[in-house]
Amino acid sequence: MAIMAIAGTALISGVFSAIENADFAAEAQIAQGLAAQMLDEIAARRYAESGAGAYQVTLGPEAGETNGVVRTAFDDLDDYAGLSNTPPVDRYGVALGTENGSGATRNAAAAAPASFFSTWRVDVEVNYLNATNLSQTSSTPTDFREVQVKVYRTNGSSPRLVATQRRVFAYVPRP
């Protein structure tokens with residue numbers, strides 16, 4: 001009996017460990033996808049506000065470009081500076097997993113449960129980078145901007161960083 005109890009405990013422990021590892025892997029995959037999706041949305045925007053020049057001292061949305069979680073007015077990448085969405089939404093403000101890509105919701109049979117992303121958060125940072133060392137931020141405007149997307153998941157009381165993705169964008173002036 002003692003041998004069976006020890007073997008059973010080891011087996012159950014192994015199964016729980018495998019389930020936990022699978023959960024972490026799935027969570028990491030979802031987080032990487034959320035970060036990549038946000039970076040792709042940002043990469044589709046201009047480097048700088050049209051007509052404002054590339055060297056804006058203050059990074060962030062201009063007047064009229066903030067509307068809660070809706071990002072349809074964001075037209076350049078610095079508009080995303082400081083963005084934080086809980087739960088993550090598409091650019092139209094529709095919860096991820098329920099959106100159809102054009103501002104409306106999917107058929108309920110093809111949508112994720114409304115609570116699926118309720119414990120997730122996507123944060124965006126935009127910084128100028130040192131022109132001679134792209135691993136360092138710069139307090140003054142340069143031709144390089146870093147966009148970093150961090151994805152958190154809250155389990156219990158505190159958020160846990162699950163994924164970080166970073167892209168560097170360069171301004172190339174027209175001759």
By side-chain contact (heavy atoms from CB on, under 4.5 Å), Ala31 pairs with (sequence neighbours left out) Trp120, Val151, Val162, Ala163

| Do Asn130 and Thr142 come close enough that some side-chain heavy atom pair is under 4.5 Å? | no

Residues 1-10 vs salt bridge (charged side-chain N to carboxylate O under 4.0 Å, His left out), sequence neighbours excluded, gives none

Tracing side-chain contacts under 4.5 Å among Ile, Leu, Val, Met, Phe, Trp and Tyr outward from Val168 reaches Leu129, Leu134, Phe144

With side chains defined as the heavy atoms from C-beta onward, is the minimum distance between Arg71 and Tyr80 less than 4.5 Å?
yes

Sequence neighbours excluded, the answer for salt bridge (charged side-chain N to carboxylate O under 4.0 Å, His left out) partners of Arg45 is none

Side chain to side chain donor-acceptor pair (under 3.5 Å) filter on Gln37, not counting sequence neighbours, yields none

- Are the side chains of Val147 and Leu39 in touch, meaning some heavy atoms are under 4.5 Å apart? yes

Sequence neighbours excluded, the answer for side-chain contact (heavy atoms from CB on, under 4.5 Å) partners of Pro61 is Glu65, Thr66, Phe74, Asp79

- prompt: Any side-chain heavy-atom pair from Met38 and Leu83 closer than 4.5 angstrom?
  reply: yes

Ala43 meets the side-chain contact (heavy atoms from CB on, under 4.5 Å) criterion, sequence neighbours left out, with Arg167, Phe169

Tyr171 meets the ring-ring contact (aromatic ring centres under 6.0 Å, His included) criterion, sequence neighbours left out, with Tyr47, Tyr55

Across all chains, not counting sequence neighbours, the side-chain contact (heavy atoms from CB on, under 4.5 Å) partners of Gln148 are Glu125, Glu146, Lys150, Thr164, Arg166

State, yes or no, whether a side-chain contact exists between Arg121 and Ser84 at a heavy-atom distance under 4.5 Å. yes

**Study point:** Thr137 and Tyr128, any side-chain heavy atoms less than 4.5 Å apart
**Key:** no

Quick note, salt bridge (charged side-chain N to carboxylate O under 4.0 Å, His left out) partners involving residues 25-38, not counting sequence neighbours, are Glu27-Arg153, Glu27-Arg160

For Ser138, the side chain to side chain donor-acceptor pair (under 3.5 Å) test, sequence neighbours excluded, returns Thr140

>> Would the distance check show the side chain of Asn85 and the main-chain N or O of Pro87 forming a donor-acceptor pair, the cut-off being under 3.5 Å?
In response: no

Can you tell if the side chain of Leu96 reaches within under 4.5 Å of the side chain of Phe116, non-hydrogen atoms only?
no

Minimal heavy-atom distance between Ser118 and Ser115, with the atoms involved, is OG-O, 2.8 Å

Single-linkage hydrophobic cluster, 4.5 Å side-chain cutoff, Val122 and Tyr152 together: no

Salt bridge (charged side-chain N to carboxylate O under 4.0 Å, His left out) pairs touching residues 47-57, sequence neighbours excluded, are none

